[in-house]
Undergrad: 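Below is a structure I'd like to ask you about.
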Amino acid sequence: MTESTAPESFTQGPTDVELLEQTLAQNLDDTARRFADRAALLECGPDGDPATGRTWTYRQLREESVTVAKALMAAGYEAGDRIGMWSPNVAEWVSLLYGAARAGVILVNLNPAYRAHELTYVVEQCDMRGLVVACADARMDPPATARAVARESAPHLRQLIMLPAGSGEDAYAHVQAGDVAGRHAADPVAEGTWADFLAGAARVSDEDLAVREAATRPADPVNLQYTSGTTGFPKGVTLTHRNVLNNGFHIGELLGYTEEDTVVIPVPFFHCFGMVIGVIATVSHGSLAVIPARSFEPVSALRAVAATGATSLYGVPAMFIAMLARPEADALDLSTLRTGVMAGSTCPVEVMKKVIDRFHMSEVAICYGMTETSPVSTQTRVDDALELRVGTVGRVGPHLEIQVIDPIDGTVMPRGEVGELCTRGYSVMKGYWNNAEKTAEAIDAEGWMHTGDLAVVDVLVAAVRDRQEVQHQRQRDGALPQPEGGGDQRGVDNGPERGDVDREEADDHRDLDHREPVLELAEALHLREVDGREHRHRGERRDPLRHAEPGRYHRGGAGELRAARHDEQEPVQPPEQEPGPVAERHAPVGGERARGGVGGRH
């Protein structure tokens with residue numbers, strides 16, 4: 001079946017390729033059976049050098065996931081318990097993703113730059129049992145922050161697992177083994193090393209693990225990701241095995257991935273871009289996932305491509321601009337590239353032309369989605385014309401539906417008229433963790449996820465206005481109560497790389513080579529074309545992570561979602577003049593309404 005269309009603003013994706021009814025671990029097992037000795041994961045050494053890095057075959061990655069699963073069971077984790085990963089991109093991220101999934105434990109993605117109050121909120125909101133912690137760097141000291149959180153709060157927390165700082169004898173010099181001193185809660189928190197944690201796996205038999213695995217279902221939660229919270233508490237998006245596995249798999253299918261592909265992933269694993277579009281898409285196809293560096297470094301990414309003969313490269317437009325600006329972009333052989341994913345903001349046409357011409361990425365794709373939809377709902381196809389890739393975010397994905405409704409009364413709009421974009425299908429989240437009220441506001445009785453983005457389905461779909469304007473319209477018409485005032489000072493902004501995002505430095509110059517601004521951009525997978533600048537609204541500062549200027553919409557070729565362009569938009573700046581934060585795309589909107597009803601709004 002191919003994409004379906006209708007006179008009304010409704011479109012359904014193809015269903016030719018079946019959905020996978022597996023857990024993440026089962027899918028890894030299948031891949032390991034088919035491609036046991038093929039390279040699965042490569043963590044490059046300094047400067048993107050694979051020769052000094054670490055490599056796992058699919059057999060080894062599967063074995064590592066088994067070890068992690070047994071270690072979790074030995075440490076007392078029950079099915080459904082939560083363990084957090086607070087680290088930039090490292091190989092252990094992937095091991096924990098699949099090991100936790102195998103043990104039925106829910107992995108909680110944590111922004112590596114959370115400050116203590118932000119970390120505390122997430123740890124407490126999901127009753128986190130354990131926390132895997134990165135080593136300190138020049139900017140932050142995660143071990144010290146984690147100890148402070150364990151000492152002062154987090155009554156359900158029981159374990160801090162410290163990742164190594166390199167591979168030498170002093171790799172764990174930063175670890176203070178034993179119970180965290182001065183804890184206020186009654187139950188202790190034990191601190192130990194990642195190596196000691198893995199050693200516990202010896203206490204769990206294959207038979208015991210098999211029982212745990214057999215009880216884990218594709219519909220079970222496997223991942224929690226926290227949305228931004230600017231008018232209240234942030235919400236934990238609860239994603240299932242079925243959600244993220246199928247989204248990653250079908251993205252890979254549309255990109256044409258096979259076991260012959262090598263994918264360089266400089267975008268963050270704590271976000272769906274890195275975890276689903278990156279890791280899960282590659283593992284489900286037997287491809288090689290390459291970690292060029294712990295955080296984005298243009299030269300490391302380029303060297304990783306050249307050294308591995310990569311066929312695919314990921315990034316937001318600002319990342320590609322940074323890579324294009326480096327002399328290595330011309331000096332290195334990047335001719336093996338054919339595809340990749342660009343998301344986070346709409347790509348300027350000249351940047352896309354350069355990516356295609358200089359990086360040879362003739363099949364690069366643009367995606368639109370949000371964390372609540374696992375994340376991708378629409379994607380351009382590898383044979384789409386250039387104007388469709390720079391002006392649209394593609395057609396609806398396989399086994400998914402989109403519709404555009406009147407944001408006031410909920411009726412489905414005729415094609416060519418503006419309305420609110422809604423998504424339905426396997427990708428829609430299970431709900432917000434421990435927050436039934438907000439879940440009901442986001443997902444209606446027929447299973448539609450209300451994005452809050454205004455769009456047009458004609459020959460194209462165009463985003464016109466942001467979700468805040470939808471909310472304001474509903475409030476003016478009396479369909480919604482007024483929003484909660486003020487928010488909570490302990491809320492988390494999971495959009496930028498630094499919690500609540502350089503509030504005092506928002507207008508300062510920041511180098512793209514630095515981690516914060518680049519991951520800040522990578523955090524936003526969104527539909528609208530935005531200028532990334534701070535906006536003013538009614539005399540007040542608008543949070544750049546939640547707002548975008550209204551734009552004008554366009555029409556063009558069949559079945560596409562088109563991003564709006566603002567008449568006053570400034571071009572994306574090169575690395576020397578990096579733009580500020582872009583609009584956050586992860587906090588949903590909607591109502592508890594059937595197709596045609598009216599509902600609430602967070």
Side-chain angles (χ1 to χ4, degrees), residues 20-45 49-74 85 89-105 107 132 163-164 167 194-195 197-214 216 218 222 241 244-245 248-249 252-253 257-265 269 274-276 278-292 304 307-312:
L20 301 178
E21 297 299 341
Q22 296 178 305
T23 66
L24 285 178
Q26 289 167 345
N27 183 258
L28 173 58
D29 291 348
D30 280 356
T31 303
R33 279 191 288 270
R34 290 184 294 150
F35 309 116
D37 296 320
R38 294 192 69 92
L41 178 65
L42 167 61
E43 180 189 74
C44 294
D49 183 5
T52 58
R54 300 184 289 168
T55 305
W56 287 257
T57 65
Y58 272 100
R59 178 187 288 110
Q60 292 168 331
L61 182 59
R62 181 193 178 279
E63 291 171 350
E64 182 87 353
S65 75
V66 169
T67 299
V68 171
K70 288 182 175 181
L72 287 165
M73 293 174 64
M85 186 59 164
N89 291 6
V90 292
E92 289 82 0
W93 227 111
V94 182
S95 301
L96 185 61
L97 170 63
Y98 283 93
R102 190 177 295 278
V105 174
L107 177 65
V132 180
L163 293 173
S167 58
W194 176 258
F197 164 71
L198 294 181
R203 303 195 301 272
V204 176
S205 68
D206 290 342
E207 292 75 17
D208 287 342
L209 176 58
V211 171
R212 179 70 70 87
E213 288 193 64
T216 304
V222 72
H241 296 262
V244 296
L245 174 58
F249 172 72
E253 288 288 288
Y257 282 170
T258 72
E259 70 276 13
E260 300 296 332
D261 281 290
T262 296
V263 185
V264 174
I265 309 172
F269 290 167
M275 190 191 88
V276 179
V279 173
I280 295 175
T282 58
V283 170
S284 61
H285 288 84
S287 308
L288 170 60
V290 178
I291 305 172
T308 63
T311 57
S312 181

Undergrad: Shortest non-hydrogen contact from A69 to L209?
TA: CB-CD1, 3.8 Å
Undergrad: Apply side-chain contact (heavy atoms from CB on, under 4.5 Å) to A304 and list each qualifying residue two or more places apart in sequence or on a separate chain.
TA: C44, V264, V290, P292
Undergrad: Taking side chain as C-beta onward, heavy atoms only, is T308 less than 4.5 Å from L42?
TA: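 They are in side-chain contact.
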Undergrad: Keeping to residues at least two apart or across chains, list the salt bridge (charged side-chain N to carboxylate O under 4.0 Å, His left out) pairs with something in residues 30-40.
TA: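 Listed by first then second residue: D30-R33, D37-R59, R38-E260.
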Undergrad: Please enumerate all residues that pass ring pair (Phe, Tyr, Trp, His ring centres under 6.0 Å) together with F197, with sequence neighbours excluded.
TA: W194
Undergrad: Under the side chain to side chain contact (heavy atoms under 4.5 Å, CB included) criterion, do S65 and L28 qualify, and how do the steps go?
TA: CA-CA 9 Å; S65 75; L28 173 58; 3.7 Å; yes
Undergrad: Run the side chain to side chain contact (heavy atoms under 4.5 Å, CB included) check on V279 and L97 step by step: do they pass?
TA: CA-CA 10 Å; V279 173; L97 170 63; 4.1 Å; yes
Undergrad: By side-chain contact (heavy atoms from CB on, under 4.5 Å), which residues pair with A91, not counting sequence neighbours?
TA: L41, E43, R54, W56
Undergrad: Is it true that D208 and K70 make a salt bridge, defined as a side-chain N closer than 4.0 Å to a carboxylate O?
TA: no
Undergrad: What are the two closest heavy atoms between A289 and T282, and how far apart are they?
TA: CB-OG1, 3.5 Å
Undergrad: With a 3.5 Å distance limit and no angle check, can you tell me whether T31 reaches the backbone of V283 through a side-chain donor-acceptor pair?
TA: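 Checking the backbone N and O of V283 against the side chain of T31, a donor-acceptor pair under 3.5 Å is found.
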Undergrad: Tell me every residue that passes side-chain contact (heavy atoms from CB on, under 4.5 Å) with S284, counting only those two or more places apart in sequence or in another chain.
TA: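 Listed in chain order: N27, L245, F249.
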Undergrad: Would you give the length of the straight line joining atom CD of E64 to atom CG of L96, rounded to the nearest 0.5 angstrom?
TA: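 Reported value, rounded in 0.5 Å steps: 10.5 Å.
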Undergrad: Quick one: are R102 and R212 in side-chain contact, heavy atoms under 4.5 Å?
TA: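 No, their side chains stay 4.5 Å or more apart.
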Undergrad: Are any of the side-chain heavy atoms of W93 and L107 separated by less than 4.5 Å?
TA: yes
Undergrad: List the atom of G200, the atom of A74, and the distance in Å for their closest heavy-atom pair.
TA: O-CB, 3.1 Å
Undergrad: Which heavy-atom pair separates A103 from L72 by the least distance, and what is that distance?
TA: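 Heavy atoms only, the tightest pair is CB-CD1, 4.3 Å.
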Undergrad: Does a side chain donor of either S312 or Y257 reach within less than 3.5 Å of an acceptor in the other side chain?
TA: yes
Undergrad: Taking the side chain from Y58 and the backbone from S287, do they hold a donor-acceptor pair closer than 3.5 Å?
TA: yes
Undergrad: Supply the atom-to-atom distance T55 OG1 to L61 CG, rounded to the nearest 0.5 angstrom.
TA: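 Spacing of OG1 (T55) from CG (L61) equals 12.0 Å.
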Undergrad: Looking only at atom types and distance, does a side-chain atom of H241 sit under 3.5 Å from a main-chain N or O of L24, one as donor and one as acceptor?
TA: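 A pair under 3.5 Å: yes.
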Undergrad: Can you list everything that forms a side chain to side chain donor-acceptor pair (under 3.5 Å) with R62? Sequence neighbours excluded, please.
TA: D29
Undergrad: What is the distance from atom CZ of F269 to atom CE of M275, rounded to the nearest 0.5 Å?
TA: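 F269 CZ to M275 CE: 11.0 Å, rounded to 0.5 Å.
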Undergrad: Are M85 and E92 packed together at the side-chain level, in the sense that at least one heavy-atom pair is separated by less than 4.5 angstrom?
TA: yes
Undergrad: State, with a plain yes or no, whether a side-chain heavy atom of V222 is found less than 4.5 Å away from one of V244.
TA: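 When only atoms from C-beta onward are counted, V244 and V222 do touch, with a gap below 4.5 Å.
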Undergrad: For the OG atom of S95 and the CD atom of Q60, what is their distance to the nearest 0.5 Å?
TA: 11.0 Å
Undergrad: Just by distance, do the side chain of N89 and the backbone of I291 share a donor-acceptor pair under 3.5 Å?
TA: no
